[in-house]
*Asks:* 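A single structure is presented below for examination.
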Amino acid sequence: MSYFHIPLQILQCVISILGDGLICTKILDPVCGSNGVTYDNECLLCSEMHETKRDIWITKQGRC
């Protein structure tokens with residue numbers, strides 16, 4: 001039996017997008033994306049990734 005390791009960030013993003021759409025809260029919990037952009041929270045990073053069709057990873061918690 002084989003298992004695939006899917007980062008939790010991506011799994012949550014995929015689940016959100018497959019639902020009725022991605023609705024992000026305004027909770028401020030900044031993350032730094034691999035593109036050098038600070039997002040107010042992980043959901044907004046996920047939304048950007050979905051809209052641009054690019055992989056953007058969280059490089060660290062907090063501002064870039």
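All values below were derived from every heavy atom in this structure, side-chain atoms included, with hydrogens, water molecules and symmetry-related copies excluded.
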*Asks:* The criterion is side chain to side chain donor-acceptor pair (under 3.5 Å); which residues satisfy it with Asn35, sequence neighbours excluded?
*Replies:* Tyr39
*Asks:* What closest approach, in Å, do Arg54 and Met49 show between heavy atoms, and which atom pair accounts for it?
*Replies:* O-CG, 2.6 Å
*Asks:* Of the non-hydrogen atoms in Ser34 and Ile56, which two are nearest, and what is the gap between them?
*Replies:* OG-CA, 3.5 Å
*Asks:* Can any side-chain N or O of Thr38 pair as donor or acceptor with the backbone N or O of Cys32 at less than 3.5 Å?
*Replies:*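 A pair under 3.5 Å: no.
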*Asks:* Does atom CD1 (Ile27) have a neighbourhood of more than 12 heavy atoms from anything else shown, all under 6.0 Å?
*Replies:*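 Open.
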*Asks:* With a 4.5 Å cut-off on side-chain heavy atoms, are Glu42 and Asp29 touching?
*Replies:* no
*Asks:* Rounded to the nearest 0.5 Å, what's the gap from NZ on Lys60 to CZ on Arg63? Could you check?
*Replies:*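 Reported to 0.5 Å precision, the distance equals 10.0 Å.
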*Asks:* List in chain and number order the residues that pass side chain to side chain donor-acceptor pair (under 3.5 Å) with Glu51, two or more places apart in sequence or in another chain; answer none if no residue qualifies.
*Replies:* Ser47
*Asks:* Gly33 and Cys64: which non-hydrogen atoms are nearest, and at how many Å?
*Replies:* N-SG, 3.9 Å
*Asks:* When rounded to the nearest 0.5 angstrom, what distance separates NZ in Lys26 from CG in Asn41?
*Replies:* 11.5 Å
